[in-house]
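We use all heavy atoms of the structure for the numbers below, so side chains are in, but hydrogens, waters and symmetry mates are not. Residue numbers start from 1 in every chain, and the chains themselves are labelled A, B, ... in the order their sequence lines are given, proteins ahead of strands.
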Amino acid sequence: MRVNSLPTDFYELPTLDLAKNLLGQLLVHETPEGLTSGYIVETEAYIGPRDKAAHSYGGRMTPRTQVMFDHPGRAYVYQIYGMHYCLNVVSGSPGAPEAILIRALQPVDGIPLMIRRRNLALDPQANNWPVRRLRLLTNGPGKLAQAMGIDKQQYGWNLLDSPLFIQQGQRISAEQIASGPRIGIDYAEEARDYPWRFWIRDHPFISR
DNA sequence: GGGACGATCGAT
DNA sequence: TCGATCGTCCCC
């Protein structure tokens with residue numbers, strides 16, 4: 001385990017609690033191109049067999065969803081619309097296929113590398129980009145995966161270990177946490193309205 | 001083997 | 001509001 005990373009028991013909370021506790025923590029990825037990191041500012045919980053919006057609804061186990069049944073603290077990465085990747089933190093006890101989608105980050109380290117990976121028309125050499133431009137790097141699940149260099153290769157990775165791990169960030173109080181329905185799951189019938197999306201209130205880097 | 005669809009993004 | 005773009009999943 002990496003010295004800095006959050007310990008195993010951090011991931012052993014009930015999924016809705018973990019989804020809130022992930023807010024403010026620092027996601028880090030070390031690659032040959034450089035290190036990137038960002039504070040987690042928005043998450044969504046997907047809770048196993050009973051959640052119609054979850055890939056593991058009904059206990060569906062496929063090559064894609066298999067890692068959701070593994071120990072908490074692993075990376076569940078999937079591809080969507082043939083072109084974007086999304087990063088989830090596996091949660092729940094082994095056998096309970098639950099996960100938390102990381103929806104937005106506040107960039108911290110490696111911003112020039114993020115700019116290159118995202119192909120943004122920003123000067124990577126500059127060093128005081130306006131927030132309204134900077135937020136385009138990581139204010140959505142597909143965007144942050146691209147900015148952080150995350151794809152299928154990280155599927156199943158244990159987030160306690162370098163090169164991809166989560167470390168203690170800033171403490172977020174209960175009053176700063178807002179919640180509401182999850183994004184992009186209108187097909188999920190009653191689950192559509194579950195308030196399982198969490199974000200840091202008024203944070204400029206959230207997705208919507 | 002085939003077809004429908006998607007936990008998104010970015011341009012219009 | 002709509003098209004891109006293709007892996008995944010389920011059905012035949």
For A:I185, answer base if it contacts any base atom (sugar-phosphate contacts may also be present), sugar-phosphate if it contacts only those atoms, and nothing otherwise; contact means non-hydrogen atoms under 4.0 Å. sugar-phosphate
What is the distance, to the nearest angstrom, from the CG atom on A:L120 to the C1' atom on B:dC9? 12 Å
Tell me if the aromatic rings of A:H55 and A:Y78 count as close, with their centers under 6.0 Å from one another. yes
Within the distance-only criterion (no hydrogens, no angle test), does the side chain of A:Q154 pair as donor or acceptor with the backbone N or O of A:D151 below 3.5 angstrom? yes
Within 45° of the axis and under 6.0 Å from the centre of the six-membered ring of A:W199, does NZ or CZ of A:R197 qualify? yes
Does A:E44 reach a base, just sugar-phosphate, or nothing at all? Heavy atoms under 4.0 Å. nothing
If every non-hydrogen atom of A:M148 is compared with every non-hydrogen atom of A:L27, which pair is closest and at what distance? CE-O, 3.6 Å
Among residues two or more places apart or on two chains, list those pairs meeting salt bridge (charged side-chain N to carboxylate O under 4.0 Å, His left out) that have a residue in residues 48-77 of chain A. A:D51-A:R182, A:K52-A:E189, A:K52-A:E190, A:D70-A:R74
Does this structure show an ion pair linking A:E33 with A:R116, if we count only N-O contacts that are shorter than 4.0 Å? no
Watson-Crick and G-U pairing of DNA chain C, under 3.5 Å, as dot-bracket with | and [ ]: ||||.||||||.
Can you check the A:R182 CZ to B:dT8 P distance for me, whole Å? 11 Å
Quick check: do A:L136 and A:L120 have side-chain heavy atoms less than 4.5 Å from each other? yes
Separation of B:dG10 atom C1' from A:R208 atom CZ, nearest Å, is 13 Å
Judged by each residue's nearest nucleotide on DNA chain B, which is more toward the 5′ side, A:L136 or A:Y187? A:Y187
Check the distance between B:dT8's C1' and A:I183's CD1 and give it to me in whole angstrom. 11 Å
Under 4.0 Å, counting only non-hydrogen atoms across every strand here, what does A:R118 touch: a base, just sugar-phosphate, or nothing? sugar-phosphate
Distance-only side-chain donor-acceptor flag, A:R117 / A:T31, under 3.5 Å: yes
Residues from residues 53-74 of chain A sitting under 4.0 Å of DNA chain C, heavy atoms only? A:R60, A:T62, A:P63, A:R64
Among the candidates B:dC9, B:dG6, B:dA7, find the nucleotide nearest to the side-chain atoms of A:K143. B:dC9
I'd like to check, for A:Y78, whether its ring lies over the base of B:dA7 with centroids under 5.5 Å apart and a plane angle smaller than 30°. no
Donor + acceptor pair across side chains of A:R118, A:Q146 (<3.5 Å): yes
Taking OH from A:Y46 and C1' from B:dA7, how many angstroms apart are they, rounded to a whole number? 4 Å
Tell me whether the OP1 or OP2 atom of C:dT8 has a side-chain N or O from A:K152 closer than 4.0 Å. yes
Would you kindly give the NE2-to-C1' distance between A:H84 and B:dC5, to the nearest whole Å? 15 Å
